[in-house]
Amino acid sequence: MSNVLVLVDHSAGTVRKTTAELLTIARRLGEPVAVFIGDGVSEALPALGQYGATKVIALSSPELTQYLVAPKAEALQQIAAKVEPSAILISSNAEGKEIAARLAVKLDSGLITDAVDVQAGDGGPVTTQSVFAGNFTVQAKVTHGTPIITVKPNAATPEAAQTSPEVEEFDVTISDAAKTARITDSKPRAATGRPELTEAAIIVSGGRGTGGDFGPIEAFADSLGAAVGASRAAVDSGWYPHAYQVGQTGKTVSPQLYVAAGISGAIQHRAGMQTSKTIVAVNKDPEAPIFELVDFGVVGDLHKVLPTATEEVTKRKS
Ligand code: FAD
């Protein structure tokens, strides 16, 4: 069986859910080999085994994390030369996409970004992408070199496989050219205590209809143990940080429950949330386009509806 490389997305050894999704997809295509860059491989090992990594290639050289993405692309190039994978899967985040693009040039290979599904096909993986703000779905495959695919969060439901992967330390040689941009400082985003937006089972999002007051959104989210999202109108108004924007130019989410409050339902917003399992909208305009999409709709002022809902949820929990 051919090897499929999966670049592990982690924070100090805590493996992100997207990696479990990539490993699940990799098992459809061949034997998943996880590439772990940085410190914390032993902490990550149980999660990587749980989702079926047959082997973990570990790279702990400080040069890989002291500089921007270029050394990571070089490392993957050197691993690919040794392992000769049939595909390389990387998370579709800003860093993942830049690594993938650099790697595609180095390996003279085709690159597909933002896949929302990947299946085994004749002659290589077949990807599905949602394009033009979700108006079209296209299927594509790489026809030259090693397929390099970046995969969006929630493209697969993680399926446990329970393996005991062996760990192989890999010595990488980083060129001077890859060390031209060094990280001088990094600040973690302030902890909110809420789940990560792309991994949350429940998301409560606010739009222009909040009028800038995200208090009712956050309170309702906290009563449900949910993440908070925002429309671009809210982000552009400076009411909520861009990291929480849902949509075409924000994050793509697919939670069990998505609550859109004071959001009209523009196509660019839908592009980031329309695959949510259950969608609820609170909007004071009964003609708002979001109501075409929802499973449950509440016509009303979010500043009244959400506090009532929060109170009810809190009451039922106690
Ligand atoms: P509005 O469209 O102004 O809607 C506000 C809604 O709140 C209205 O329906 C109104 O009835 C309701 N409302 C007002 N007051 C209340 C109240 N008190 N209680 C309840 N309801 C109330 N948008 C995104 O969200 N994400 C993206 O990633 C994104 N990317 C874009 C990319 C491009 C290239 C472009 C051109 C646009 C993009 N947009 C994106 C912007 C998008 O087109 C919309 O402008 C935006 O989604 C509107 O945000 P909104 O629904 O919060 O605001």
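Just so you know, ligand 1 is whichever comes first in the structure, and atom 1 is the first atom listed for that ligand.
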query: With backbone taken as N, CA, C and O and side chain as the heavy atoms from C-beta onward, which portion of Ile267 lies under 4.0 Å from ligand 1: side chain, backbone, both, or neither?
result: neither

Which residue holds the protein heavy atom closest to [atom], what is that atom called, and what is the gap in Å?
atom                    : result
atom 6 (C) of ligand 1  : Gly262 O, 3.4 Å
atom 26 (N) of ligand 1 : Val246 O, 2.8 Å
atom 3 (O) of ligand 1  : Arg208 NE, 2.6 Å
atom 50 (P) of ligand 1 : Ser231 OG, 3.6 Å
atom 31 (C) of ligand 1 : Arg232 NH1, 3.1 Å
atom 21 (N) of ligand 1 : Lys284 N, 3.2 Å
atom 18 (N) of ligand 1 : Asp301 OD1, 2.9 Å
atom 30 (N) of ligand 1 : Thr249 OG1, 2.6 Å

As a check for students: among [options], identify the option with a heavy atom nearest to [atom].
atom                    : options                        : result
atom 16 (C) of ligand 1 : Gly209, Gly207, Gly229         : Gly209
atom 19 (N) of ligand 1 : Val305, Leu302, Val282         : Leu302
atom 42 (C) of ligand 1 : Lys251, Gln268, Glu287         : Gln268
atom 9 (O) of ligand 1  : Thr210, Leu306, Asn283, Asp213 : Asn283

Output the list of atoms in ligand 1 that are nearer than 4.0 Å to some heavy atom of [X], sorted by atom number.
X      : result
Gly250 : 28 (O)
Ala266 : 42 (C), 43 (O), 44 (C), 47 (O)
Gln245 : 26 (N), 27 (C), 28 (O), 29 (C)
Gly300 : 19 (N), 20 (C)
Ala233 : 48 (C), 49 (O), 50 (P), 52 (O), 53 (O)
Gly247 : 26 (N), 27 (C), 28 (O)

Would you kindly confirm whether [X] and [Y] end up in one hydrophobic cluster when ILVMFWY residues are joined by side chain heavy atoms under 4.5 Å apart?
X      : Y      : result
Ile79  : Leu89  : no
Val280 : Val204 : yes
Ile88  : Leu7   : yes
Ile99  : Leu111 : yes
Leu64  : Leu103 : yes

message: Please evaluate residues Lys315 and Glu311 with respect to the criterion salt bridge (Lys or Arg N to Asp or Glu O under 4.0 Å), reporting the C-alpha separation (whole Å), side-chain torsions for both, the decisive distance (0.1 Å), and the verdict.
response: CA-CA 6 Å; Lys315 211 188 307 168; Glu311 205 181 300; 5.1 Å; no

query: Between Thr19 and Asp9, is there a donor-acceptor pair closer than 3.5 Å when you use the side chain of the first and the backbone of the second?
result: yes

- request: Say whether, by atom type as modelled, one donor and one acceptor occur between the side chain of Ser91 and the main chain of Asn93 under 3.5 angstrom.
  value: no

message: Please determine whether salt bridge (Lys or Arg N to Asp or Glu O under 4.0 Å) holds for the pair Lys277 and Asp295, giving the CA-CA distance in whole Å, both sets of side-chain angles, and the decisive distance to 0.1 Å.
response: CA-CA 9 Å; Lys277 305 293 174 292; Asp295 299 283; over 6 Å; no

- prompt: Where do Glu218 and Arg194 land on the salt bridge (Lys or Arg N to Asp or Glu O under 4.0 Å) test, with the steps shown first?
  reply: CA-CA 10 Å; Glu218 292 185 334; Arg194 299 190 184 102; 3.8 Å; yes

task: For the pair His269 and Tyr258, name the ring-plane relationship: parallel under 30°, tilted 30 to 60°, perpendicular over 60°.
output: tilted

message: Assess whether a salt bridge exists between Glu199 and Arg16, defined as any Lys/Arg side-chain N lying under 4.0 Å from an Asp/Glu carboxylate O.
response: no

message: Within the protein, is there a heavy atom lying under 4.0 Å from atom 45 (O) of ligand 1?
response: no

